[in-house]
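Following: one structure in structure tokens, then a few remarks.
In what follows, every chain begins at residue 1, and chains take the letters A, B, ... in the order their sequences are listed. The structure presented is a predicted model; accordingly, all values stated were derived computationally and were not measured.
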There are 2 protein chains.
Amino acid sequence: MPTEQQTPAIELPVLAPAAVERADAARNRQRILCAAQRLFAERGVSCTSMEDIAAAAGVGKGTLFRRFGSRSALALAVLSERESAFQEALIRGEPPLGPGAPARERLIAFGHGRLDFIADHAEVLAAAEIGPERFSSPPYEVSRLHVTLLLREADPGCDAEYLAETLLVALGADFYVYLGLARELPMERLKEGWTELVSRVVPG
Amino acid sequence: MPTEQQTPAIELPVLAPAAVERADAARNRQRILCAAQRLFAERGVSCTSMEDIAAAAGVGKGTLFRRFGSRSALALAVLSERESAFQEALIRGEPPLGPGAPARERLIAFGHGRLDFIADHAEVLAAAEIGPERFSSPPYEVSRLHVTLLLREADPGCDAEYLAETLLVALGADFYVYLGLARELPMERLKEGWTELVSRVVPG
DNA sequence: TATCGAACCGGACCGTAGTCCGATTATGTG
DNA sequence: CACATAATCGGACTACGGTCCGGTTCGATA
């Protein structure tokens, strides 16, 4: 899995193991990730147990957990590539998502892009955001830093850390699922709501 | 358990069982709630299993689950009384938490009161907010309605439903624990942040 | 008080996330 | 190529949330 990225986008550790990895271990990790992705797609995340994944990958349960640590971490790893692509678009992509646009425009575009991302991977993402890793995963840290910097740029006097965290919980996968399914708010309304929210929070 | 409240605060179902309850069942529910509250306080929520509670209450596991359905529902029930008291203060208490103050002031006071409430019961509340019940529990519905109405009052043109949900996730227990422990933001700052957030979202 | 049906009880049982450790295998070195 | 060692493997094991169902108890009725 080419998760590697020379010149890491931001000064943050990425999932990929830093140390050298034995050949069989690397091969097993590959097989596990492929099996997980396939089973998640075939029968849904909630109907796929860790044992299922281990069996489909042809490895033992111990191997699975030693490599990924937990179910949520595995889900995160499955999304790693796409998460990196999104991150790339944030940092080196076209405005308004990428650099070049005013902070408020970028914040709005970030939310819209994130909502699209969530919509595409709601199940896996929801599984990845379970437990304490939710707030400490690399993708979350990247988002947090991104939003914090944009807020600070738009309004140096505000409490950017607090406001950033607050805005980010409104982009959580479980929250999206709840709003979409239980409250039946269509995507369009979520995007408009986000725009309204950011417009109010960020002076402009 | 005197969860009863004549003239229910808002048109919403409360936890208390509507139908008559057999005497032994009522006694067992009492014992379960007391045991849960005691064990939660003594050794912490995360170190207390459902079997522990059942054993301490002198009932079987089946009884425990039939009465309360799930671990999170039990945690919710443990907090039921205090939750009702808070709800009471919202609806019939003194301003600015209760009626009489401008919507924006009431929203700010609501957040501050909620933060105090969370700080006092963070562990139990975090356990109660796990799973899909998080967004469909009576206390959440009450909060949602309350915030929605205040938002609509302050600004009839806004998307009050969306904004209400968004503001409420910023008052979640796990979010509070994360901000307080991992990010080390003191309560004072959380309250100031909430004030800032509401001041920006609600025109004044 | 005797009877009866409904509600309740409890503990055996299931599935799953996560742990552990003896057996195995890959890789660097002589 | 043979060896030593350190990392890896895998499946048995634990703990826990949640389910099920045969036996029991309550309480309304006569």
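Comparing A:Gly62 and A:Asp52 along DNA chain C, the residue whose closest nucleotide (by nearest heavy atom) sits nearer the 5' end is A:Asp52. Between A:Gly60 and B:Arg66, the residue whose closest nucleotide on DNA chain D is further toward the 5' end is A:Gly60. Positionally, the nearest nucleotide of DNA chain D for B:Cys47 lies more toward the 5' end than for the other of B:Ala23 and B:Cys47.
Atom CZ of B:Arg82 has 12 or fewer neighbouring heavy atoms from other residues, nucleotides or ligands inside a 6.0 Å radius. Environment of CD in A:Glu188: sparse, with no more than 12 heavy atoms of neighbouring residues, nucleotides or ligands closer than 6.0 Å.
Exactly one of B:Val147, B:Leu97, B:Leu150 qualifies for a side-chain contact (heavy atoms from CB on, under 4.5 Å) with B:Arg106. That residue is B:Leu150.
Side-chain nitrogen and oxygen atoms of A:Thr63 include at least one within less than 4.0 Å of the OP1 or OP2 phosphate oxygen of D:dG10.
If you take CE of B:Met50 and P of C:dG10, they are 15 Å apart, rounded to a whole angstrom. A:Ile53 places its CD1 atom 12 Å from the C1' atom of C:dA17, with the value rounded to the nearest Å. Separating the CZ atom of A:Phe68 from the C1' atom of C:dT19 is a distance of 18 Å, rounded to the nearest angstrom. One can place CG of B:Asp24 at 6 Å from P of D:dC26, the figure rounded to the nearest angstrom. Put simply, CZ on B:Arg67 is 14 Å from C1' on C:dG10, counting in whole angstrom units. Rounded to whole Å, the distance from CG on A:Leu64 to C1' on D:dT8 is 14 Å. Whole-Å rounding puts the A:Ile32 CD1 to D:dG10 C1' distance at 11 Å. Straight-line distance from the CG atom of A:Leu74 to the P atom of C:dT16: 16 Å, rounded to whole Å.
Between D:dT19, D:dC9, C:dG18, one nucleotide has an atom nearer to the side chain of A:Asn28 than all others, and that is D:dC9. Looking at the side chain of B:Ala25, the nearest of the listed nucleotides D:dT19, C:dG18, C:dC9 is C:dC9. Which of C:dT16, C:dC9, D:dC26 sits closest to the side chain of A:Glu51 comes down to C:dT16.
Contact annotation for B:Arg27: no contact, since no heavy-atom pair falls under 4.0 Å across all strands. Backbone-only contact: B:Ser49 has heavy atoms under 4.0 Å from sugar-phosphate atoms and none from a base.
In summary, the side chains of B:Tyr178 and A:Glu165 do present a donor paired with an acceptor at a separation below 3.5 Å, with no hydrogens or angles considered.
The cationic atom of B:Arg114 (NZ for Lys, CZ for Arg) lies less than 6.0 Å from the six-membered ring centre of B:Phe86 and within 45° of the ring axis.
Evaluation of atom-type donor-acceptor distances gives a pair under 3.5 Å for the side chain of A:Arg22 against the base of D:dA7. Under 3.5 Å, the side chain of A:Lys61 and the base of C:dA17 form at least one donor-acceptor pair of N or O atoms.
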